[in-house]
> 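I am attaching a structure below and will ask some questions about it afterwards.
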2 protein chains.
Amino acid sequence: MGALRILLVDDHPVVRAGLRAMLTEFDDFSVAAEAADGDAALRELARLRALGERVDVVLMDLQMGAGMDGVTATAAIRQLDAPPPVLILTTYDTQADILAAVEAGASGYMLKDAPPEQIRQAVLSAAAGRTALAPKVAALLMSRISSPETALTPREVQLLELLATGLTNRAIARQLFISEATVKTHLVHIYGKLGVDNRTSAIALAAQRRIIRTPGT
Amino acid sequence: MGALRILLVDDHPVVRAGLRAMLTEFDDFSVAAEAADGDAALRELARLRALGERVDVVLMDLQMGAGMDGVTATAAIRQLDAPPPVLILTTYDTQADILAAVEAGASGYMLKDAPPEQIRQAVLSAAAGRTALAPKVAALLMSRISSPETALTPREVQLLELLATGLTNRAIARQLFISEATVKTHLVHIYGKLGVDNRTSAIALAAQRRIIRTPGT
DNA sequence: TGGTCCGTCAACCTTTTGATTGATCCGCCC
DNA sequence: GGGCGGATCAATCAAAAGGTTGACGGACCA
(Lines give C-alpha, C1' and ligand atoms only; values in the text may rest on other atoms or scores of the structure.)
Protein backbone atom coordinates (compact mmCIF):
# COMPACT_ATOMS: atom_id res chain seq x y z
CA MET A 1 0.00 0.00 0.00
CA GLY A 2 1.10 3.59 -0.59
CA ALA A 3 1.75 6.30 1.95
CA LEU A 4 -0.94 6.90 4.56
CA ARG A 5 -2.91 10.03 3.81
CA ILE A 6 -3.40 12.30 6.82
CA LEU A 7 -5.71 15.25 7.46
CA LEU A 8 -4.12 17.65 9.97
CA VAL A 9 -6.47 19.69 12.14
CA ASP A 10 -4.87 22.25 14.47
CA ASP A 11 -5.35 25.96 14.84
CA HIS A 12 -1.61 26.64 15.17
CA PRO A 13 0.30 26.93 11.92
CA VAL A 14 3.45 26.08 13.87
CA VAL A 15 2.03 22.78 15.06
CA ARG A 16 0.73 21.87 11.63
CA ALA A 17 4.14 22.55 10.16
CA GLY A 18 5.71 20.42 12.87
CA LEU A 19 3.41 17.48 12.28
CA ARG A 20 3.89 17.76 8.56
CA ALA A 21 7.65 17.76 8.93
CA MET A 22 7.60 14.97 11.48
CA LEU A 23 5.31 12.68 9.51
CA THR A 24 6.67 13.23 6.03
CA GLU A 25 10.24 12.76 7.14
CA PHE A 26 9.87 9.19 6.03
CA ASP A 27 7.89 8.03 3.05
CA ASP A 28 5.10 6.24 4.87
CA PHE A 29 2.91 9.32 5.41
CA SER A 30 1.61 12.10 3.24
CA VAL A 31 -0.49 15.09 4.27
CA ALA A 32 -3.73 15.14 2.32
CA ALA A 33 -4.83 18.51 3.68
CA GLU A 34 -4.69 20.84 6.66
CA ALA A 35 -7.44 22.63 8.57
CA ALA A 36 -7.39 25.27 11.30
CA ASP A 37 -10.66 24.26 12.97
CA GLY A 38 -13.43 21.70 12.96
CA ASP A 39 -15.54 23.38 10.29
CA ALA A 40 -12.59 23.60 7.95
CA ALA A 41 -11.78 19.96 8.67
CA LEU A 42 -15.25 18.85 7.61
CA ARG A 43 -15.04 20.98 4.51
CA GLU A 44 -11.64 19.55 3.59
CA LEU A 45 -12.89 16.03 4.14
CA ALA A 46 -15.89 16.64 1.89
CA ARG A 47 -13.70 18.24 -0.74
CA LEU A 48 -11.22 15.37 -0.75
CA ARG A 49 -13.99 12.80 -0.96
CA ALA A 50 -15.57 14.64 -3.86
CA LEU A 51 -12.23 14.41 -5.64
CA GLY A 52 -12.11 10.70 -4.90
CA GLU A 53 -9.08 11.17 -2.66
CA ARG A 54 -8.52 8.89 0.28
CA VAL A 55 -8.04 10.06 3.90
CA ASP A 56 -6.68 7.32 6.15
CA VAL A 57 -6.39 9.17 9.45
CA VAL A 58 -7.53 12.51 10.85
CA LEU A 59 -5.05 14.01 13.33
CA MET A 60 -7.14 16.31 15.48
CA ASP A 61 -6.35 18.88 18.14
CA LEU A 62 -9.04 19.44 20.78
CA GLN A 63 -8.55 23.11 21.58
CA MET A 64 -9.23 25.41 18.68
CA GLY A 65 -9.15 29.12 19.25
CA ALA A 66 -12.22 29.79 17.14
CA GLY A 67 -14.61 27.70 15.10
CA MET A 68 -15.79 24.18 15.86
CA ASP A 69 -13.85 22.42 18.62
CA GLY A 70 -12.18 19.07 18.25
CA VAL A 71 -14.75 16.99 20.11
CA THR A 72 -17.64 18.31 18.06
CA ALA A 73 -15.66 17.84 14.87
CA THR A 74 -14.74 14.29 15.83
CA ALA A 75 -18.38 13.42 16.48
CA ALA A 76 -19.36 14.97 13.15
CA ILE A 77 -16.71 13.02 11.27
CA ARG A 78 -17.82 9.77 12.85
CA GLN A 79 -21.31 10.41 11.49
CA LEU A 80 -20.05 10.17 7.90
CA ASP A 81 -20.17 7.06 5.76
CA ALA A 82 -17.08 4.92 6.27
CA PRO A 83 -15.48 7.58 8.44
CA PRO A 84 -11.70 7.74 8.79
CA PRO A 85 -10.34 7.05 12.27
CA VAL A 86 -9.76 10.21 14.29
CA LEU A 87 -6.62 10.37 16.39
CA ILE A 88 -6.66 13.09 19.03
CA LEU A 89 -3.36 14.90 19.53
CA THR A 90 -3.61 17.47 22.27
CA THR A 91 -1.83 19.10 25.17
CA TYR A 92 -4.03 18.09 28.08
CA ASP A 93 -4.58 14.77 29.76
CA THR A 94 -7.55 15.57 31.98
CA GLN A 95 -10.40 13.12 32.44
CA ALA A 96 -12.86 15.59 31.00
CA ASP A 97 -10.96 15.95 27.74
CA ILE A 98 -10.29 12.26 27.39
CA LEU A 99 -13.79 11.09 28.22
CA ALA A 100 -15.32 13.60 25.85
CA ALA A 101 -13.00 12.53 23.03
CA VAL A 102 -13.59 8.84 23.54
CA GLU A 103 -17.33 9.40 23.73
CA ALA A 104 -17.19 11.36 20.47
CA GLY A 105 -15.67 8.32 18.80
CA ALA A 106 -11.95 9.07 18.75
CA SER A 107 -9.84 6.02 18.10
CA GLY A 108 -6.81 7.31 19.93
CA TYR A 109 -5.56 9.95 22.31
CA MET A 110 -1.97 11.17 22.23
CA LEU A 111 -0.24 14.05 23.95
CA LYS A 112 1.77 16.68 22.14
CA ASP A 113 4.80 16.16 24.32
CA ALA A 114 5.15 12.64 23.00
CA PRO A 115 8.30 11.82 21.03
CA PRO A 116 7.93 11.75 17.23
CA GLU A 117 8.30 7.99 17.00
CA GLN A 118 5.42 7.46 19.39
CA ILE A 119 3.19 9.78 17.39
CA ARG A 120 4.06 8.01 14.16
CA GLN A 121 3.24 4.66 15.75
CA ALA A 122 -0.07 5.99 16.98
CA VAL A 123 -1.00 7.15 13.50
CA LEU A 124 -0.14 3.73 12.11
CA SER A 125 -2.24 2.04 14.79
CA ALA A 126 -5.19 4.30 14.12
CA ALA A 127 -4.99 3.68 10.39
CA ALA A 128 -4.95 -0.06 11.04
CA GLY A 129 -8.17 0.23 13.01
CA ARG A 130 -6.50 -0.25 16.38
CA THR A 131 -6.75 2.19 19.26
CA ALA A 132 -3.73 4.19 20.32
CA LEU A 133 -3.51 5.64 23.79
CA ALA A 134 -0.68 7.55 25.40
CA PRO A 135 0.62 5.67 28.46
CA LYS A 136 -0.67 8.37 30.81
CA VAL A 137 -4.09 8.21 29.20
CA ALA A 138 -4.21 4.43 29.32
CA ALA A 139 -3.29 4.49 32.99
CA LEU A 140 -6.05 6.95 33.71
CA LEU A 141 -8.67 4.87 31.95
CA MET A 142 -7.47 1.75 33.76
CA SER A 143 -7.71 3.40 37.14
CA ARG A 144 -11.26 4.38 36.29
CA ILE A 145 -12.46 0.87 35.64
CA SER A 146 -10.60 -0.54 38.62
CA SER A 147 -12.29 1.85 41.06
CA PRO A 148 -15.67 2.66 39.59
CA GLU A 149 -17.25 3.56 42.92
CA THR A 150 -15.35 6.82 43.26
CA ALA A 151 -15.22 7.55 39.55
CA LEU A 152 -17.41 10.34 38.27
CA THR A 153 -19.75 9.57 35.42
CA PRO A 154 -19.23 11.46 32.15
CA ARG A 155 -22.29 13.52 32.91
CA GLU A 156 -20.90 14.47 36.30
CA VAL A 157 -17.59 15.46 34.78
CA GLN A 158 -19.47 17.59 32.30
CA LEU A 159 -21.29 19.35 35.12
CA LEU A 160 -18.06 19.88 36.96
CA GLU A 161 -16.61 21.60 33.94
CA LEU A 162 -19.51 24.00 33.69
CA LEU A 163 -19.28 24.53 37.43
CA ALA A 164 -15.67 25.60 37.03
CA THR A 165 -16.62 28.31 34.57
CA GLY A 166 -18.57 30.03 37.31
CA LEU A 167 -22.10 29.25 36.19
CA THR A 168 -24.96 29.11 38.68
CA ASN A 169 -27.10 26.00 39.00
CA ARG A 170 -29.81 27.65 36.99
CA ALA A 171 -27.39 28.59 34.22
CA ILE A 172 -26.02 25.06 34.10
CA ALA A 173 -29.56 23.71 33.91
CA ARG A 174 -30.35 25.95 30.97
CA GLN A 175 -27.14 25.06 29.21
CA LEU A 176 -27.77 21.32 29.51
CA PHE A 177 -31.53 21.53 28.94
CA ILE A 178 -32.30 19.90 32.27
CA SER A 179 -34.02 21.17 35.40
CA GLU A 180 -32.29 22.91 38.25
CA ALA A 181 -33.37 20.02 40.46
CA THR A 182 -31.37 17.63 38.33
CA VAL A 183 -28.34 19.84 38.52
CA LYS A 184 -28.58 19.77 42.29
CA THR A 185 -28.89 16.01 42.30
CA HIS A 186 -25.77 15.66 40.19
CA LEU A 187 -23.91 18.05 42.42
CA VAL A 188 -24.85 16.10 45.53
CA HIS A 189 -23.47 12.96 43.90
CA ILE A 190 -20.31 14.78 42.86
CA TYR A 191 -19.79 16.16 46.34
CA GLY A 192 -20.25 12.71 47.77
CA LYS A 193 -17.75 11.11 45.44
CA LEU A 194 -15.17 13.82 45.91
CA GLY A 195 -15.73 14.07 49.64
CA VAL A 196 -16.54 17.78 49.72
CA ASP A 197 -19.63 19.80 50.51
CA ASN A 198 -19.60 22.85 48.27
CA ARG A 199 -18.91 23.81 44.71
CA THR A 200 -15.69 25.67 45.23
CA SER A 201 -14.06 22.73 47.01
CA ALA A 202 -15.29 20.46 44.27
CA ILE A 203 -13.60 22.60 41.63
CA ALA A 204 -10.39 22.86 43.61
CA LEU A 205 -10.21 19.11 44.06
CA ALA A 206 -11.21 18.35 40.49
CA ALA A 207 -8.46 20.61 39.19
CA GLN A 208 -5.95 18.99 41.51
CA ARG A 209 -6.86 15.51 40.36
CA ARG A 210 -6.84 16.55 36.74
CA ILE A 211 -10.49 15.68 36.33
CA ILE A 212 -11.07 19.04 34.74
CA ARG A 213 -8.88 21.64 33.19
CA THR A 214 -9.06 24.98 34.94
CA PRO A 215 -9.75 27.90 32.65
CA GLY A 216 -6.70 29.49 31.17
CA THR A 217 -4.23 26.69 31.69
CA MET B 1 25.75 38.66 7.54
CA GLY B 2 24.92 34.95 7.32
CA ALA B 3 21.78 33.20 8.42
CA LEU B 4 20.46 34.11 11.84
CA ARG B 5 21.21 31.43 14.39
CA ILE B 6 18.27 30.47 16.56
CA LEU B 7 17.99 28.50 19.80
CA LEU B 8 14.60 26.80 20.04
CA VAL B 9 13.19 26.18 23.51
CA ASP B 10 9.91 24.28 23.72
CA ASP B 11 8.92 21.11 25.52
CA HIS B 12 6.92 19.78 22.57
CA PRO B 13 8.93 18.01 19.88
CA VAL B 14 6.10 18.74 17.48
CA VAL B 15 6.37 22.48 18.02
CA ARG B 16 10.14 22.45 17.71
CA ALA B 17 9.87 20.57 14.44
CA GLY B 18 7.32 23.09 13.24
CA LEU B 19 9.45 26.08 14.10
CA ARG B 20 12.47 24.47 12.54
CA ALA B 21 10.58 23.76 9.33
CA MET B 22 8.98 27.18 9.29
CA LEU B 23 12.18 29.12 9.90
CA THR B 24 14.57 27.15 7.74
CA GLU B 25 12.20 27.16 4.81
CA PHE B 26 14.15 30.15 3.55
CA ASP B 27 17.86 30.62 3.94
CA ASP B 28 17.82 33.48 6.40
CA PHE B 29 17.56 31.35 9.54
CA SER B 30 19.36 28.34 10.90
CA VAL B 31 18.67 26.42 14.08
CA ALA B 32 21.74 26.42 16.31
CA ALA B 33 20.23 24.03 18.86
CA GLU B 34 17.02 22.88 20.49
CA ALA B 35 16.08 22.49 24.15
CA ALA B 36 13.06 21.00 25.89
CA ASP B 37 13.16 23.18 28.99
CA GLY B 38 14.91 26.13 30.60
CA ASP B 39 17.75 24.16 32.13
CA ALA B 40 18.56 22.53 28.82
CA ALA B 41 18.41 25.93 27.13
CA LEU B 42 21.03 27.36 29.47
CA ARG B 43 23.21 24.30 28.97
CA GLU B 44 22.92 24.55 25.20
CA LEU B 45 23.75 28.23 25.28
CA ALA B 46 26.84 27.58 27.39
CA ARG B 47 27.89 24.73 25.13
CA LEU B 48 27.49 26.82 21.97
CA ARG B 49 29.43 29.70 23.47
CA ALA B 50 32.22 27.40 24.54
CA LEU B 51 32.44 26.27 20.94
CA GLY B 52 32.58 29.88 19.82
CA GLU B 53 29.24 29.54 18.07
CA ARG B 54 26.94 32.50 17.79
CA VAL B 55 23.28 32.55 18.94
CA ASP B 56 21.35 35.51 17.58
CA VAL B 57 17.89 34.88 19.04
CA VAL B 58 16.38 32.56 21.61
CA LEU B 59 12.83 31.47 20.75
CA MET B 60 11.30 30.55 24.08
CA ASP B 61 8.04 28.92 25.12
CA LEU B 62 6.69 29.85 28.55
CA GLN B 63 4.94 26.66 29.59
CA MET B 64 7.27 23.72 30.03
CA GLY B 65 5.92 20.48 31.38
CA ALA B 66 8.90 19.85 33.59
CA GLY B 67 12.14 21.63 34.36
CA MET B 68 12.75 25.35 34.48
CA ASP B 69 9.91 27.47 33.09
CA GLY B 70 10.32 30.04 30.37
CA VAL B 71 10.18 33.15 32.54
CA THR B 72 12.91 31.89 34.87
CA ALA B 73 15.01 30.81 31.91
CA THR B 74 14.59 34.18 30.23
CA ALA B 75 15.72 36.00 33.36
CA ALA B 76 18.71 33.67 33.66
CA ILE B 77 19.72 34.23 30.04
CA ARG B 78 19.52 37.99 30.45
CA GLN B 79 22.03 37.69 33.29
CA LEU B 80 24.71 36.45 30.91
CA ASP B 81 27.36 38.60 29.26
CA ALA B 82 26.10 40.04 26.00
CA PRO B 83 22.91 37.98 26.19
CA PRO B 84 21.01 37.12 23.03
CA PRO B 85 17.52 38.63 22.74
CA VAL B 86 14.79 36.31 23.96
CA LEU B 87 11.60 36.19 21.93
CA ILE B 88 8.67 34.59 23.76
CA LEU B 89 6.47 32.37 21.61
CA THR B 90 3.62 30.95 23.60
CA THR B 91 -0.04 30.00 23.52
CA TYR B 92 -1.48 32.31 26.15
CA ASP B 93 -1.98 36.02 26.17
CA THR B 94 -2.84 36.52 29.83
CA GLN B 95 -1.75 39.64 31.66
CA ALA B 96 0.32 37.76 34.18
CA ASP B 97 2.24 35.83 31.54
CA ILE B 98 3.01 38.88 29.49
CA LEU B 99 3.98 41.08 32.40
CA ALA B 100 6.20 38.38 33.86
CA ALA B 101 7.92 37.84 30.53
CA VAL B 102 8.54 41.53 29.95
CA GLU B 103 9.79 41.91 33.49
CA ALA B 104 12.17 38.98 32.95
CA GLY B 105 13.70 40.85 30.02
CA ALA B 106 12.00 39.33 27.00
CA SER B 107 12.38 41.45 23.89
CA GLY B 108 9.22 40.21 22.26
CA TYR B 109 6.02 38.29 22.84
CA MET B 110 4.33 36.37 20.06
CA LEU B 111 1.44 33.91 20.05
CA LYS B 112 1.62 30.47 18.54
CA ASP B 113 -1.45 31.00 16.43
CA ALA B 114 0.35 33.72 14.50
CA PRO B 115 0.96 33.14 10.78
CA PRO B 116 4.48 32.01 9.84
CA GLU B 117 5.38 35.29 8.18
CA GLN B 118 4.59 37.21 11.35
CA ILE B 119 6.76 34.90 13.41
CA ARG B 120 9.66 35.25 10.99
CA GLN B 121 9.35 39.04 11.10
CA ALA B 122 9.34 38.96 14.89
CA VAL B 123 12.52 36.92 14.96
CA LEU B 124 14.17 39.40 12.59
CA SER B 125 13.07 42.31 14.76
CA ALA B 126 14.36 40.66 17.91
CA ALA B 127 17.71 39.92 16.27
CA ALA B 128 17.95 43.56 15.23
CA GLY B 129 17.46 44.65 18.82
CA ARG B 130 13.91 45.85 18.32
CA THR B 131 10.92 44.67 20.32
CA ALA B 132 8.24 42.55 18.70
CA LEU B 133 4.76 42.33 20.17
CA ALA B 134 1.76 40.52 18.79
CA PRO B 135 -1.08 42.96 18.15
CA LYS B 136 -3.23 41.33 20.85
CA VAL B 137 -0.40 41.64 23.34
CA ALA B 138 0.26 45.27 22.56
CA ALA B 139 -3.42 46.07 22.99
CA LEU B 140 -3.49 44.31 26.32
CA LEU B 141 -0.47 46.17 27.63
CA MET B 142 -2.05 49.44 26.62
CA SER B 143 -5.33 48.66 28.37
CA ARG B 144 -3.41 47.54 31.42
CA ILE B 145 -1.61 50.81 32.01
CA SER B 146 -4.68 52.85 31.22
CA SER B 147 -6.86 51.19 33.87
CA PRO B 148 -4.90 50.47 37.03
CA GLU B 149 -8.01 50.89 39.20
CA THR B 150 -9.05 47.32 38.53
CA ALA B 151 -5.98 45.98 40.30
CA LEU B 152 -6.68 43.90 43.39
CA THR B 153 -5.03 44.79 46.68
CA PRO B 154 -2.71 42.21 48.26
CA ARG B 155 -5.31 41.46 50.88
CA GLU B 156 -7.90 40.82 48.20
CA VAL B 157 -5.59 38.47 46.34
CA GLN B 158 -4.99 36.64 49.60
CA LEU B 159 -8.72 36.19 50.05
CA LEU B 160 -9.09 35.02 46.50
CA GLU B 161 -6.50 32.32 47.09
CA LEU B 162 -8.31 31.01 50.14
CA LEU B 163 -11.56 31.22 48.20
CA ALA B 164 -10.07 28.97 45.52
CA THR B 165 -9.31 26.26 48.06
CA GLY B 166 -13.03 25.94 48.68
CA LEU B 167 -13.30 27.57 52.08
CA THR B 168 -16.57 29.15 53.21
CA ASN B 169 -16.69 32.77 54.28
CA ARG B 170 -16.70 31.69 57.90
CA ALA B 171 -13.65 29.48 57.43
CA ILE B 172 -11.79 32.26 55.64
CA ALA B 173 -12.67 34.62 58.48
CA ARG B 174 -11.28 32.22 61.05
CA GLN B 175 -8.15 31.62 59.03
CA LEU B 176 -7.41 35.34 58.70
CA PHE B 177 -8.58 36.25 62.22
CA ILE B 178 -11.19 38.67 60.90
CA SER B 179 -14.97 38.68 61.04
CA GLU B 180 -17.22 37.09 58.46
CA ALA B 181 -18.58 40.57 57.73
CA THR B 182 -15.13 41.70 56.67
CA VAL B 183 -14.74 38.74 54.41
CA LYS B 184 -17.99 39.63 52.73
CA THR B 185 -16.90 43.21 52.27
CA HIS B 186 -13.67 42.12 50.63
CA LEU B 187 -15.56 39.75 48.38
CA VAL B 188 -17.91 42.49 47.24
CA HIS B 189 -14.90 44.59 46.30
CA ILE B 190 -13.28 41.69 44.49
CA TYR B 191 -16.44 40.92 42.55
CA GLY B 192 -16.72 44.54 41.56
CA LYS B 193 -13.15 44.73 40.32
CA LEU B 194 -13.36 41.48 38.41
CA GLY B 195 -16.81 42.21 37.05
CA VAL B 196 -18.44 39.05 38.37
CA ASP B 197 -21.13 38.34 40.94
CA ASN B 198 -20.29 35.08 42.64
CA ARG B 199 -17.33 33.26 44.06
CA THR B 200 -17.00 30.59 41.43
CA SER B 201 -16.84 33.10 38.60
CA ALA B 202 -14.28 35.04 40.59
CA ILE B 203 -12.09 31.99 40.92
CA ALA B 204 -12.51 31.07 37.28
CA LEU B 205 -11.55 34.56 36.17
CA ALA B 206 -8.68 34.85 38.60
CA ALA B 207 -7.30 31.53 37.40
CA GLN B 208 -7.71 32.64 33.81
CA ARG B 209 -5.84 35.84 34.44
CA ARG B 210 -3.30 34.00 36.49
CA ILE B 211 -4.01 36.23 39.47
CA ILE B 212 -3.99 33.12 41.59
CA ARG B 213 -2.52 29.74 40.95
CA THR B 214 -5.07 26.99 40.92
CA PRO B 215 -4.32 23.95 43.05
CA GLY B 216 -2.54 21.10 41.36
CA THR B 217 -0.71 22.94 38.64
C1' DT C 1 -36.51 -10.94 34.18
C1' DG C 2 -34.90 -8.98 38.08
C1' DG C 3 -31.23 -5.98 39.75
C1' DT C 4 -28.30 -2.08 39.30
C1' DC C 5 -26.72 2.20 37.65
C1' DC C 6 -27.54 6.47 35.37
C1' DG C 7 -30.00 10.42 34.44
C1' DT C 8 -34.01 12.78 35.19
C1' DC C 9 -37.37 15.55 38.34
C1' DA C 10 -39.95 17.39 42.73
C1' DA C 11 -40.80 19.23 47.43
C1' DC C 12 -39.11 20.94 51.59
C1' DC C 13 -35.97 22.84 54.61
C1' DT C 14 -31.43 24.81 56.35
C1' DT C 15 -27.29 27.18 55.52
C1' DT C 16 -24.53 30.12 52.91
C1' DT C 17 -23.81 33.80 49.99
C1' DG C 18 -24.59 38.28 47.89
C1' DA C 19 -26.35 43.26 48.05
C1' DT C 20 -26.80 47.34 50.49
C1' DT C 21 -25.80 50.81 53.70
C1' DG C 22 -23.15 52.81 56.97
C1' DA C 23 -19.49 53.13 60.24
C1' DT C 24 -14.57 53.28 62.62
C1' DC C 25 -9.56 53.16 62.50
C1' DC C 26 -5.08 53.73 60.52
C1' DG C 27 -1.35 55.03 57.49
C1' DC C 28 0.09 57.92 53.76
C1' DC C 29 0.57 61.95 50.97
C1' DC C 30 0.06 66.63 49.65
C1' DG D 1 -4.24 68.74 59.08
C1' DG D 2 -7.42 67.27 55.81
C1' DG D 3 -8.29 63.91 52.30
C1' DC D 4 -7.88 59.26 50.61
C1' DG D 5 -7.76 54.48 50.38
C1' DG D 6 -7.31 50.07 52.69
C1' DA D 7 -8.92 47.12 56.24
C1' DT D 8 -12.03 46.36 59.67
C1' DC D 9 -16.99 45.47 61.49
C1' DA D 10 -22.44 45.42 61.74
C1' DA D 11 -27.33 44.73 60.46
C1' DT D 12 -30.63 43.40 57.29
C1' DC D 13 -32.89 41.31 53.36
C1' DA D 14 -33.08 38.52 49.16
C1' DA D 15 -31.17 34.98 46.43
C1' DA D 16 -28.57 30.97 45.76
C1' DA D 17 -26.73 26.80 47.20
C1' DG D 18 -26.78 22.60 49.89
C1' DG D 19 -29.20 18.32 52.27
C1' DT D 20 -32.74 14.98 52.32
C1' DT D 21 -36.09 11.99 50.66
C1' DG D 22 -38.50 9.91 47.24
C1' DA D 23 -39.67 8.76 42.61
C1' DC D 24 -39.55 7.22 37.46
C1' DG D 25 -37.80 5.51 32.92
C1' DG D 26 -34.11 3.52 30.28
C1' DA D 27 -29.95 0.85 29.57
C1' DC D 28 -27.29 -2.88 30.59
C1' DC D 29 -26.24 -7.22 32.50
C1' DA D 30 -26.43 -11.51 34.82
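Lettering follows sequence order; numbering is per chain, from 1. Hydrogens, waters and symmetry mates are skipped; everything else that's a heavy atom, side chains included, is used.
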> Checking all strands, does A/T182 fall into the base, sugar-phosphate, or nothing category for heavy-atom contacts under 4.0 angstrom?
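Base, at least one base atom sits under 4.0 Å.
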> Determine whether the side chains of A/Q63 and A/T90 contain a donor N or O and an acceptor N or O closer than 3.5 Å.
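There is such a pair between these side chains.
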> Taking CD from B/E180 and P from D/dA10, how many angstroms apart are they, rounded to a whole number?
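In whole Å, D/dA10 P and B/E180 CD are 11 Å from each other.
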> Once you round it to whole Å, what is the distance between P of C/dT15 and CG of B/L167?
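So the CG-P distance, B/L167 to C/dT15, works out to 20 Å.
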> Would you tell me if any nitrogen or oxygen in the side chain of B/N169 comes within less than 4.0 Å of OP1 or OP2 on C/dT17?
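Indeed, a polar side-chain atom of B/N169 lies that close.
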> Specify the residue among A/V188 and B/A181 whose closest nucleotide of DNA chain D lies further upstream toward the 5′ end.
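Looking at DNA chain D, the more 5' nearest nucleotide goes with B/A181.
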> Do B/D11 and A/K112 sit within salt-bridge range, that is, some charged N less than 4.0 Å from a carboxylate O?
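Judged by the 4.0 Å cut-off on N to carboxylate O distance, B/D11 and A/K112 do not form a salt bridge.
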> Less than 4.5 Å apart, any side-chain heavy atom of B/L62 and any of B/Y109?
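Yes. Closest side-chain heavy atoms under 4.5 Å.
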> Given D/dG18, is OP1 or OP2 found less than 4.0 Å from the side-chain N or O atoms of A/Y191?
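Checking A/Y191 against D/dG18: at least one side-chain N or O falls below 4.0 Å of OP1 or OP2.
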> Using whole Å, what does the distance between atom C1' of nucleotide D/dA17 and atom CZ of B/R170 come to?
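Atom CZ in B/R170 sits about 15 Å away from atom C1' in D/dA17.
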> What is the distance, rounded to the nearest whole Å, between atom CD1 of A/I172 and atom C1' of D/dG18?
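Distance, rounded to whole Å: 13 Å.
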> Between B/R174 and B/E180, is there a salt bridge with N-O shorter than 4.0 Å?
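Not counted as a salt bridge, because no side-chain N and carboxylate O are separated by less than 4.0 Å.
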> Between A/R47 and A/E53, is there a salt bridge with N-O shorter than 4.0 Å?
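No, no charged N to carboxylate O under 4.0 Å.
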> Nearest-Å distance, CG (B/D197) to C1' (C/dT20)?
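Distance check: B/D197 CG to C/dT20 C1' gives 15 Å.
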> Among D/dT12, D/dC9, C/dC9, which nucleotide sits nearest the side chain of B/T185?
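Per side-chain heavy atoms of B/T185, the pick is D/dC9.
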> Would you mind reading off the distance between B/H189 atom NE2 and D/dG5 atom C1', rounded to a whole angstrom?
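In whole Å, D/dG5 C1' lies 10 Å from B/H189 NE2.
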> Can you see if the side chain of A/T153 gets near the phosphate of C/dG7 - specifically, an N or O under 4.0 Å from OP1 or OP2?
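Result: yes.
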> For C/dG7 and A/R155 - does any side-chain N or O of the residue sit under 4.0 Å from the phosphate oxygens OP1/OP2?
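So the side-chain polar atoms of A/R155 never come under 4.0 Å of the phosphate oxygens OP1 or OP2 of C/dG7.
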> NZ of A/K184 versus P of C/dA11: gap in Å, rounded?
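Taking NZ of A/K184 and P of C/dA11, I get 12 Å after rounding.
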> Look at the side-chain N and O atoms of B/H186 and state whether any lies under 4.0 Å from the OP1 or OP2 oxygen of D/dT8.
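Result: yes.
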> What's the CD-P distance between A/Q158 and C/dC6, to the nearest Å?
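Distance check: A/Q158 CD to C/dC6 P gives 15 Å.
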> Out of C/dG18, D/dC9, D/dG18, which nucleotide sits closest to the side chain of A/L187?
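Comparing C/dG18, D/dC9, D/dG18 against the side chain of A/L187, the answer is D/dG18.
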> Nearest to the side chain of A/T168, heavy atoms from C-beta on, is which of D/dA17, C/dT8, C/dG7?
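It is D/dA17.
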